[in-house]
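Working notes for the structure below.
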Protein chains: 2
Amino acid sequence: MSRDPSATKASLLAAARVEFAAHGAAGARVDRIAERAGVSKERIYGYFGSKDKLFDAVLDEVVEEVMEFVGEPGRDIAAYVRRVHDFHRERPDLVRLLVWEGMQGGGSCPNRRSRVEHYVRKNQAMAEALGLETAEEAAPLLFMFMAICSWSVVVPQVARLVLGEGIDTEDGRDRLRKHIGDFAEGAVTHIREQQSRV
Amino acid sequence: MSRDPSATKASLLAAARVEFAAHGAAGARVDRIAERAGVSKERIYGYFGSKDKLFDAVLDEVVEEVMEFVGEPGRDIAAYVRRVHDFHRERPDLVRLLVWEGMQGGGSCPNRRSRVEHYVRKNQAMAEALGLETAEEAAPLLFMFMAICSWSVVVPQVARLVLGEGIDTEDGRDRLRKHIGDFAEGAVTHIREQQSRV
DNA sequence: ACGCTAGCCAACCAACTGGTTGGTAGTCAA
DNA sequence: TTGACTACCAACCAGTTGGTTGGCTAGCGT
């Protein structure tokens, strides 16, 4: 058909992303990926070797994208958190892929080097904004921000139970967004106070 | 073998809990559950009808347990959050089951009634502790507390990347626990201040 | 003692799984 | 033109899946 290897590869990656985000590495079906890509599934093995390696390739790609799209935290940390929240809400793929990796994966963690680097950079930016001395001190904060920004993507059914059906409306989502911002704001002020007290 | 229906049922439920927590409803294997329970898999269909219904039964049971073991939030909310964190760390089953349900489930949400009730009760307790007027106002807070307490169970690989390898040691975990408590403390103070300002 | 029901299992089944293979057909250098 | 190389696919394969079936037997009421 297309006789354009790089286009075929890209098409497979795109299809795989949809499938993996929806079902995880274990739940994904190779046939569905191939069909969505409009390509014989044999191409998956020709280009990527196996289903799992394809998953890793997708993850690489998405992590790369997020580095590009979500900037680094600036002075106004609550604003940054809201930005991250917006990104995850609009494109839940990354969060879902990470969660699948964490829940199904055997702790292999591909592309480790660059991912660590990515988070270190964010931690540094955050430490600077908070007046903390080392990046490590900011890490738990970053981690918890990720948690509150992602949670409603990960357990939407719990969100509906706890926050009410309103969470499915634009209005309800905005309200949660505001709470998330406030929550972050509170935590940051708390830290700043502890900081100045020393 | 055992010829004791309720014992067989219980044995199946226990085995299913392990299997479902590890692999989710879709990833779980009926044969493995039966083998672990030391029972023919046909009994699963005899007692529960299908794999999915067995999953629901397990979820019911676990939710029930959590209601029992984790109390309600008292005056010291940070302490409550730490308690929840400890529970999830020691027994990650509940979190994992909820996440599988959220990621794989089709939004059916079995046992809805009692689960809503459970969260409403917690929201009320929390609203009271914070001096908020309605339970709904406390809901987002409860939701975010769940998030920060569960996150390292859900994406352990990210925890390792962000917080460093130390997270796998008892010491590192305690440090995170402390940060989670502080984080909650900060958010609560923030809310209390907003409250008193009005 | 005896039959009947309920708990149980080994064996089975059709559907589906990730992965492979043999062969076709574009494409490009010589 | 030819020959070789590469992208590609339909058909295939062995192993696994959730779910079913026919029959065995422990234990109870009679």
Side-chain angles (χ1 to χ4, degrees), chain A residues 1-61 97 100-101 103-106 108 110, chain B residues 1-61 97 100-101 103-106 108 110:
Chain A
M1 228 230 285
S2 70
R3 196 87 0 189
D4 175 350
S6 71
T8 307
K9 231 191 258 196
S11 165
L12 272 172
L13 275 170
R17 182 190 298 207
V18 175
E19 178 74 9
F20 282 133
H23 305 103
R29 296 300 162 221
V30 183
D31 293 297
R32 277 200 296 250
I33 295 175
E35 191 189 347
R36 185 187 294 268
V39 161
S40 162
K41 71 173 165 170
E42 177 268 355
R43 285 292 81 207
I44 290 173
Y45 300 93
Y47 285 131
F48 300 96
S50 73
K51 189 170 83 154
D52 287 318
K53 284 188 190 151
L54 177 58
F55 182 82
D56 290 347
V58 169
L59 207 67
D60 275 13
E61 205 191 36
L97 287 169
W100 290 124
E101 190 195 28
M103 298 277 290
Q104 300 179 330
S108 65
Chain B
M1 229 231 284
S2 71
R3 196 93 357 192
D4 176 350
S6 71
T8 306
K9 233 192 256 196
S11 165
L12 272 172
L13 275 170
R17 183 191 297 207
V18 175
E19 178 74 10
F20 282 134
H23 306 103
R29 297 299 161 225
V30 183
D31 292 295
R32 275 200 299 250
I33 295 175
E35 191 189 347
R36 186 188 294 268
V39 162
S40 162
K41 70 173 168 171
E42 178 269 355
R43 284 293 81 206
I44 290 173
Y45 301 93
Y47 285 132
F48 301 96
S50 72
K51 189 169 81 155
D52 288 319
K53 284 187 192 152
L54 176 57
F55 182 82
D56 290 348
V58 169
L59 208 65
D60 275 14
E61 204 191 35
L97 287 168
W100 290 124
E101 191 195 25
M103 298 278 291
Q104 299 177 331
S108 66

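We name chains A, B, ... by the order of the sequence lines, and we start the count at 1 in each one.
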When the distance from [atom1] of [X] to [atom2] of [N] is rounded to whole Å, what number comes out?
X	N	atom1	atom2	answer
A:D4	D:dC9	CG	P	12 Å
A:D31	C:dT20	CG	P	14 Å
B:K51	D:dG18	NZ	P	4 Å
A:R32	C:dT17	CZ	P	7 Å
B:I33	D:dG19	CD1	P	11 Å
B:H23	D:dG18	NE2	P	12 Å
B:D52	D:dG19	CG	C1'	12 Å

At less than 4.0 Å, is any side-chain N or O atom of [X] found next to OP1 or OP2 of [N]? Yes or no.
X	N	result
A:R29	C:dC16	no
A:R3	D:dC8	no
B:T8	C:dC8	yes

Looking only at heavy atoms, what is the nearest atom pair of [X] and [Y], with distance?
X	Y	result
A:A34	A:S40	CB-C, 4.0 Å
A:L97	A:A21	CD2-N, 3.8 Å
A:W100	A:A22	CZ2-O, 3.5 Å
B:K51	B:F20	O-CZ, 3.7 Å
B:A16	B:V58	CB-CG2, 3.7 Å

Legend entry - Salt-bridge criterion met for B:R17 and B:E61 (N-O under 4.0 Å): yes
Inset, instruction - Using a heavy-atom cut-off of under 4.0 Å over every strand shown, decide if A:A34 touches base, sugar-phosphate, or nothing. - result: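 Answer is nothing: A:A34 stays at 4.0 Å or more from every strand.
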Inset, instruction - Assign each of B:S40 and A:S40 to its nearest nucleotide of DNA chain C by heavy atoms, then name whichever residue's nucleotide is nearer the 5' end. - result: B:S40
Inset, instruction - Could you identify which residues of residues 41-49 of chain A place a heavy atom less than 4.0 Å from some atom of DNA chain D, listed by residue number, or say none? - result: A:E42, A:R43, A:Y47
Legend entry - Partner of B:I33 under side-chain contact (heavy atoms from CB on, under 4.5 Å), chosen from B:I44, B:V18, B:V39: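 Exactly one candidate clears the test, B:I44.
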